[in-house]
Amino acid sequence: DNKIFNINIFNENYLNSNICILGSSGAGKSFFTKICIIRHLIMNVYQYILDIEDEYETLVVNLNGQILDVLNKTPNFYYNILEFINVNENCFVKKIKNITKLFSNMYSFTEKQSVKFEGYLKILYKKYNITEDINSLYVDNVDNLIYINKKIKQKSEVPSIKEILNIIDDEDIKNKVNNFVINYPIFCNKTNIDIENHLILFKIKEITETTSYLVKYILTDIIDEIFLKFKNKNKIIYIDEVWKYINNNYKSKLSSYIFNLYKTIRKKRGSICTITQDISDFFHFENGSYGKSILNNSSFKIFFKFDFSDMEILKKLSVLNDKIINQILRLDKKQMILSFKNNSKVLDVKVIDYEKNIIENNKEYEYENNSST
């Protein structure tokens with residue numbers, strides 16, 4: 001109706017805040033997603049992007065966000081996997097278990113090696129006076145006064161994983177940990193990324209058997225911990241080209257976890273947004289049941305123009321009703337269909353100069369990321 005409008009996806013009236021964006025290459029999915037990122041940033045929503053095709057890096061830089069380049073041997077930003085973002089009764093034990101599980105999965109530790117590795121981690125933490133005692137995770141109060149806002153140990157007060165090499169006496173485990181330190185330095189140095197930043201991008205580049213475990217760790221430990229830190233704030237996880245995270249045996253557990261996120265993230269005041277262009281792969285996994293489940297658990301479904309072959313797949317799987325299919329067939333470029341609560345509407349995708357300058361990397365324009373605005 002030629003009216004500008006915005007939808008608050010976090011409104012309690014909706015079943016969930018999840019979004020699924022589908023469409024062919026060049027149809028406008030990424031452009032629309034970038035608009036969403038800009039507008040949610042203005043609304044102080046915390047946003048985390050898993051970028052596998054270098055689609056959003058320029059945008060994040062222009063918005064003064066932070067980038068964690070997972071496979072870069074010389075990254076600019078680091079996240080120390082041994083650091084604690086939150087402190088609770090079981091966080092020390094959980095941290096030990098999660099890191100051990102990560103290394104065990106990536107390097108096929110035996111049960112005996114996993115037990116040894118846990119022991120090495122405890123010894124390393126002990127060197128920094130960190131134990132299962134919850135008080136050991138806080139900065140010492142030099143004045144010995146009672147205080148309410150305790151400060152969690154960070155950066156120089158916490159070890160990094162590469163320091164464990166000086167403790168390990170098992171050559172096989174040592175070689176595997178050294179391999180991790182060499183290939184993934186992003187997780188092996190003191191944290192210099194700003195966890196408080198409202199926009200953080202994880203640059204993935206490729207999903208292999210090894211990196212699939214890292215992606216799961218990013219979702220289950222890093223982002224989950226950040227979610228807990230900002231538990232009273234709205235948060236969104238974007239997974240671009242989600243079809244690349246599914247199929248193949250080693251990806252099946254990762255795809256299952258992503259789907260489970262769809263069902264549980266609302267309780268964490270969060271939203272998950274998946275974007276994909278390869279419709280055939282997205283609906284090929286588990287005979288289409290995975291793709292259907294993602295759609296069914298997304299209150300907001302966004303459809304852009306499809307290729308004829310993609311449309312035939314959707315018809316065959318009975319993914320969309322006839323009304324939406326007819327609407328998609330009539331879509332022009334820069335148009336999309338928004339579907340929720342069994343209703344659908346054809347919308348034009350437009351931007352103002354403010355947004356266009358950011359997306360098109362206008363060097364004369366500078367965005368000031370001020371979370372208090």
Side-chain angles (χ1 to χ4, degrees), residues 46 48 66 68 75 77-106 109 114-168 173 177 180-181 184-198 200 202 213-214 216-233 235 237 264 267-270 371:
Y46 286 85
Y48 309 94
Q66 304 260 276
L68 282 170
F77 293 102
Y78 301 94
Y79 173 81
N80 180 9
I81 59 173
L82 297 190
E83 189 173 318
F84 293 86
I85 298 176
N86 301 287
V87 170
N88 53 55
E89 207 62 49
N90 299 313
C91 64
F92 179 82
V93 174
K94 182 181 177 182
K95 177 71 75 174
I96 295 286
K97 293 291 184 185
N98 285 350
I99 294 174
T100 300
K101 186 176 182 181
L102 172 65
F103 277 84
S104 179
N105 286 332
M106 290 181 68
F109 280 0
S114 293
V115 173
K116 275 188 174 182
F117 187 71
E118 281 192 14
Y120 297 140
L121 284 172
K122 290 177 182 178
I123 292 171
L124 179 59
Y125 273 121
K126 182 75 172 177
K127 286 180 176 288
Y128 282 75
N129 298 315
I130 297 175
T131 65
E132 290 187 36
D133 180 0
I134 193 170
N135 293 312
S136 70
L137 297 172
Y138 292 108
V139 176
D140 291 334
N141 182 11
V142 294
D143 297 324
N144 293 319
L145 299 174
I146 297 175
Y147 60 103
I148 297 174
N149 296 318
K150 295 181 180 181
K151 186 178 179 182
I152 302 171
K153 286 183 175 179
Q154 292 180 339
K155 297 176 182 177
S156 62
E157 302 161 307
V158 179
S160 62
I161 196 68
K162 61 184 177 183
E163 295 175 57
I164 205 172
L165 293 171
N166 299 320
I167 297 171
I168 298 174
I173 297 176
V177 174
F180 183 87
V181 172
Y184 310 106
I186 181 179
F187 299 119
C188 305
N189 290 282
K190 305 296 184 182
T191 298
N192 65 353
I193 192 170
D194 180 14
I195 299 298
E196 303 276 345
N197 197 297
H198 280 61
I200 298 177
F202 295 88
Y213 294 119
L214 282 171
K216 189 172 181 182
Y217 185 83
I218 289 169
L219 290 168
T220 58
D221 191 87
I222 300 176
I223 293 181
D224 195 56
E225 282 293 293
I226 297 174
F227 264 41
L228 186 60
K229 181 178 179 65
F230 304 118
K231 60 184 178 181
N232 295 321
K233 305 291 184 180
K235 302 162 287 282
I237 299 173
T264 61
K267 297 176 182 177
K268 301 177 181 180
R269 201 164 172 174
S371 61

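Shortest non-hydrogen contact noted between Lys268 and Asp224 is NZ-OD1, 2.5 Å. Looking at every heavy atom in both residues, Phe77 comes nearest to Asn192 through CA-OD1, 3.2 Å. Between Cys188 and Ser160, the closest heavy-atom pair is O-CB, 3.4 Å.
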Q.
Run Met106 and Tyr184 through side chain to side chain contact (heavy atoms under 4.5 Å, CB included) and show every step you take.
A. CA-CA 12 Å; Met106 290 181 68; Tyr184 310 106; 3.6 Å; yes
Q.
Checking Tyr79 against Ile81 for the side chain to side chain contact (heavy atoms under 4.5 Å, CB included) test, could you report, in this order, the C-alpha distance in whole Å, the side-chain angles of both residues, the deciding distance, and whether it holds?
A. CA-CA 6 Å; Tyr79 173 81; Ile81 59 173; 4.3 Å; yes
Q. Passes side chain to side chain contact (heavy atoms under 4.5 Å, CB included), Asn80 versus Phe187? Steps please.
A. CA-CA 5 Å; Asn80 180 9; Phe187 299 119; over 6 Å; no
Q: Please test Asp221 against Lys94 for salt bridge (Lys or Arg N to Asp or Glu O under 4.0 Å), starting from the C-alpha separation and ending with a verdict.
A: CA-CA 10 Å; Asp221 191 87; Lys94 182 181 177 182; over 6 Å; no
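Contact check for Ile218 versus Ile223: side-chain heavy atoms found under the 4.5 Å cut-off. Here the side chains of Thr100 and Ser114 are in contact, with some heavy-atom distance below 4.5 Å. The closest side-chain heavy-atom distance from Glu163 to Leu82 is not below 4.5 Å. Two residues are said to be in side-chain contact when any heavy atoms from C-beta on lie closer than 4.5 Å; Leu214 and Phe202 fail this criterion. Two residues are said to be in side-chain contact when any heavy atoms from C-beta on lie closer than 4.5 Å; Tyr128 and Val158 fail this criterion. Looking at heavy atoms from C-beta onward, Tyr46 lies out of side-chain contact with Lys229 at the 4.5 angstrom threshold. Side-chain contact between Lys95 and Leu121 is absent, with no heavy-atom pair separated by less than 4.5 Å. Side-chain atoms of Ile130 and Leu124, non-hydrogen and from C-beta on, never get closer than 4.5 Å to each other.
One finds the NZ atom of Lys101 at 15.5 Å from the CD1 atom of Ile96 (value rounded to the nearest 0.5 Å). For the atom pair CD1 (Ile226) and NZ (Lys233), the distance works out to 15.5 Å, reported to the nearest 0.5 Å. The CG atom of Asn86 sits 4.0 Å away from atom CG of Leu228, with the distance rounded to the nearest 0.5 Å. The NE2 atom of His198 sits 10.5 Å away from atom NZ of Lys235, with the distance rounded to the nearest 0.5 Å. Taking CD of Glu157 as the reference point, atom CD of Glu83 lies at 9.5 Å (rounded to 0.5 Å). Expressed to the nearest 0.5 Å, how far CD of Glu196 lies from CZ of Phe230 amounts to 4.0 Å.
Remark: the backbone N or O of Asn232 is paired with a side-chain donor or acceptor of Arg269 at under 3.5 angstrom.
Between Tyr48 and Phe227, the ring planes lie tilted relative to each other; the angle falls in the 30° to 60° range. Using cut-offs of 30° and 60° for the angle between ring planes, the Phe103 and Phe117 rings count as tilted. The aromatic rings of Phe92 and Phe84 lie parallel to each other, with less than 30° between the two planes, well short of the 60° mark.
In Lys153, the NZ atom is crowded: over 12 heavy atoms of neighbouring residues, nucleotides or ligands sit closer than 6.0 Å.
Looking at Lys162 and Asn189, their side chains do bring a donor and an acceptor atom within 3.5 Å of each other.
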